[in-house]
2 protein chains.
Amino acid sequence: MLPQPVAPRLPAGIDSPALVIDVGIVQRNARRIADAVSERGVALRPHVKTHKSVAIAQMQLEAGATGITVGTLGEAEVMAEGGIADIFVAYPVWADAAKARRLRALHERPQLALSVGLDSVAGVQSLAAAVAGSARPLAVLIELDSGQHRTGVDPARVVEIARAAQTAGLAVRGLFTHGGHAYGGLDAAAGAAHDEVSALAAGREALHASGIDVELLSAGSSPTALRAASAPVTEVRPGTYVVGDRQQVALGASPADGVAIAVAATVVSDGFDRVVINAGAKTLTKDVPPYLAGYGCLPRYPDGVIERVSDYHGVIVFPAGSARPRLGELVAVVPNHACPVIDLFDTFLATRDGELLGVWPVDARGRSG
Amino acid sequence: MLPQPVAPRLPAGIDSPALVIDVGIVQRNARRIADAVSERGVALRPHVKTHKSVAIAQMQLEAGATGITVGTLGEAEVMAEGGIADIFVAYPVWADAAKARRLRALHERPQLALSVGLDSVAGVQSLAAAVAGSARPLAVLIELDSGQHRTGVDPARVVEIARAAQTAGLAVRGLFTHGGHAYGGLDAAAGAAHDEVSALAAGREALHASGIDVELLSAGSSPTALRAASAPVTEVRPGTYVVGDRQQVALGASPADGVAIAVAATVVSDGFDRVVINAGAKTLTKDVPPYLAGYGCLPRYPDGVIERVSDYHGVIVFPAGSARPRLGELVAVVPNHACPVIDLFDTFLATRDGELLGVWPVDARGRSG
């Protein structure tokens, strides 16, 4: 049996469905990973695409993070507007006309240290054109494919791209990779962390042999972050660790009581073998890793499986005789994957041990480009 | 080979990812179904959870719809604020304290004909308490399970619920059902439509035998709407038909050129067998019906399969030698399922034949409760 999450306590009397985030647990998670990474002599640059909240990003910085990671210019714009001073866009940004204007505005923003990713010579040209004539060079990191086979290049190709970037006037600060194949199965994290370190070391070696030395080697996902946090890696970029979710607990990347997030839902209907809650695909998403059953879990009713979701319905099936919630009951669902769930909510209920502190914005909600 | 959708034309020079909706195709779809339903002597009450746009709802009313359907009080609030006068909440609304206040405000709103669903005696009590002392009775429809086994009751149980509703002072206007098992497979629609009609007829018969006559028998989904649109059914509630999507085309419920919606995405990276676009799970969702391959399709590049999505990446794999888009190219992706995709965007680009008319709000985005 996989490890099961504990749900944060829900405040009483709330409307549903609602996104609940216990900021006490958030702060504990932020400190735990910041301390563990710091002990290993590595910097922490958490990916904020998970929570999209300026307030939570600030908690991560207060706990010791040196800057943040984002996935889109939209997230960078929101976080910069929120006062965050050091932002890395860990994505091969393609600067067509609309993106070039936005990238340049970010690059020239006072008090912001911006760096962006790229993974092609053509990408170099698009970025260089976007910042042409700017007073300072744009800082870039080249993305390496460490085995996920998504974006990024083989370490053998990194010299060609780095030279093109230098020729075009970009400042090549380092290399980054994301061992996303850590999510491929329950035992994949150790191998993926090893692949991240190997790819970064090989890329650095190839650059060094060509006379190019870089200062940053950036790795990581929540499952790989601690495993990859040692020399030559200089920083790690986990995201989900700060709120946790069902998947992180199953993968062993979060303690069972490290889950800060729940969707509060109400039982609206029941039938002979099932109850139906008012949280469906537009609340829980259809994100189901192959090693989990159902679209989230109910820690208080562990025998229930959320077998089907439609837009506003979650159908939870129970074995005969097992405990189930009653009609009208408010239940806590721990989502499989926090990132796309949080991105469906404009606001969340910030709580501490079940006490409602306030309604906080998901500042960068929907900023997917 | 399943029927493949045609994508609406994209305007040039837009930022990505973007949601594009061709309102010329929307108006054509709105008229086609309104006319076909009207010829059968049945009323059309489209479900607006698909598009969440007041402007598109108004187009549906102009084309002949008699009112609209929503799935949540939040959608009802937005549509009422937008001036729509006849709204049915096709959902077993559970009126806890927060929902009771909102339901009562809607019920007492001038110039709004509101009706809501229910499927239990306990639900009757919660609704009755919410509107206690109100000057007019709340109109309700009882939900029947016609085979989807989600919400709704067996026709044999409808009399008990109708009597409880009458005793509690609610106005029992009719019965409704949703043959959502129409989405269970490529040949499921005809059977599901038959099940809808049978359940409604049986429910009406049971009520009539108990001395209760109702005026409304409401059925339908986009795949079943035309098949279920005949006596004794009095109205149908399709939703997705007005924008179409890849799934509707595959099911034969939308013509190939009836797809009004596309996600515009940019190729940001390429590898030996793949290209990566800047539209991932936070744009296309992870909604994949079992009879479709990949997280959407690219009508212009029919050999590409969107094999994997992460938050901001869509990995499209191509067989050797097949046509593929170049780095930086803007491509049109037709999503598998329009409803959850539209719900990720605050706005859409309203177009006609590729010409940009304006940026329109997705008014009820995120109003999932």
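Labels below follow one simple rule: chain letters A, B, ... track the order of the sequence lines, proteins then strands, and each chain is numbered from 1. Because the structure is predicted, anything quoted here is derived from the model rather than measured.
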When the 4.5 angstrom heavy-atom criterion is applied to A:Gln148 and chain B, the contacting part is both
Of the listed A:Ala98, A:Ser368, A:Pro340, the one with the largest count of heavy-atom pairs under 4.5 Å with chain B is A:Ser368
Can you give me the closest heavy-atom contact between A:Asp15 and B:Arg102, atom names plus distance? OD2-NH1, 2.6 Å
Charged N to carboxylate O below 4.0 Å: is that the case for A:Arg274 and B:Asp145? yes
Contact part of B:His149 toward chain A, heavy-atom cut-off under 4.5 Å: side chain, backbone, both or neither? both
Can you say whether B:Arg101 sits under 4.5 Å from chain A via the side chain, the backbone, both, or neither, judging by heavy atoms? neither
Shortest non-hydrogen contact between A:Val268 and B:Pro92, atoms and distance: CB-O, 3.6 Å
Ion pair B:Lys286/A:Asp287, N-O distance below 4.0 Å: yes
Please report the closest heavy-atom contact between B:Cys339 and A:Lys282, naming both atoms and the distance. O-CE, 3.5 Å
Does a side-chain heavy-atom distance below 4.5 Å link A:Lys99 with B:Ser16? yes
A:Gly152 to B:Ser269 - nearest heavy-atom pair and separation: N-OG, 4.3 Å
Between A:Thr151, A:Val276, A:Val315, the one whose heavy-atom pairs under 4.5 Å with chain B are most numerous: A:Thr151
Identify which of B:Thr266, B:Asp346, B:Asp311 forms the greatest number of heavy-atom pairs closer than 4.5 Å to chain A. B:Asp311
So which heavy atom on A:Arg367 is nearest to which on B:Tyr312, and how close? O-OH, 4.4 Å
Nearest 0.5 Å, please: how far is NE2 in A:His337 from OG in B:Ser310? 9.0 Å
Does any heavy atom of chain B fall under 4.5 Å from the side chain of A:Thr283, the backbone, both, or neither of them? side chain
So which residue, B:Pro17, B:Gly366, B:Ser120, ends up with the most heavy-atom pairs under 4.5 Å with chain A? B:Pro17
Could you tell me which portion of B:Glu329 (side chain, backbone, both or neither) has an atom closer than 4.5 angstrom to a non-hydrogen atom of chain A? neither
Using the six-membered ring wherever Trp is involved, compare the ring planes of A:Tyr91 and B:His313 and label them parallel, tilted or perpendicular (cut-offs 30° and 60°). tilted
When you compare the side chain of A:Leu327 with that of B:Trp94, does any pair of heavy atoms fall below 4.5 Å? yes
Relative to chain B, which segment of A:Thr285 carries a heavy atom at a distance below 4.5 Å: side chain, backbone, both, or neither? neither
Taking every non-hydrogen atom, the tightest pair across B:Asp96 and A:Ile14: OD2-O, 4.5 Å
